[in-house]
Amino acid sequence: MADAKNKLESVKEWIVDHKLRHVGCLWLSGLAGSIAYNWSQPNMKTSVKIIHARLHAQALTLAALAGAAGIEYYDHKSGAKAERVTNFLSTEGHARKD
């Protein structure tokens with residue numbers, strides 16, 4: 001059980017460190033999935049299929065941005081972000097002195 005919690009913490013940490021990459025990947029996969037689904041609908045024009053795919057990808061992107069904002073808010077409230085910044089700055093200072 002402790003290993004599963006550790007795995008969850010490592011996933012959360014990756015998402016926090018790479019928020020925009022996470023949102024971009026979700027947008028791209030949403031766009032590809034929506035295009036694949038819309039292409040199976042024979043009664044739609046190509047332009048309508050592309051517009052629908054873009055709208056679905058936009059909705060996924062907004063949801064991902066809201067999720068990233070929620071994670072950022074949680075980190076800010078818990079103080080975890082301040083600890084990471086302090087640790088980063090202290091390691092940067094040691095690296096520059098050498």
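Computed from a predicted model, the values in this text were never measured in an experiment.
- Grouping Ile, Leu, Val, Met, Phe, Trp and Tyr residues whose side-chain heavy atoms lie under 4.5 Å apart, directly or via other members, places V48 in a hydrophobic cluster with M44.
- With sequence neighbours left out, the side-chain contact (heavy atoms from CB on, under 4.5 Å) criterion links L55 to I51, Q58.
- Evaluation of the side chain to side chain donor-acceptor pair (under 3.5 Å) rule for H18 yields W14 as partners, not counting sequence neighbours.
- When all heavy atoms of G30 and A57 are compared, the pair lying nearest together is C-CB, 4.4 Å.
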Side-chain polar contacts of residues 32-41 - donor-acceptor pairs under 3.5 angstrom, sequence neighbours left out - could you list them?
| from | atom 1 | to | atom 2 | distance (Å) |
| --- | --- | --- | --- | --- |
| S34 | OG | N38 | ND2 | 3.4 |
| S34 | OG | H56 | ND1 | 2.7 |
| Y37 | OH | Q41 | NE2 | 3.4 |
| N38 | ND2 | S34 | O | 3.2 |
| N38 | ND2 | K49 | O | 3.3 |
| S40 | OG | Y37 | O | 2.5 |

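- Heavy atoms of other residues, nucleotides or ligands lying less than 6.0 angstrom from CZ of R54 number more than 12.
- With W27 as reference, T61 is the one residue of T61, L65, L60 to meet the side-chain contact (heavy atoms from CB on, under 4.5 Å) rule.
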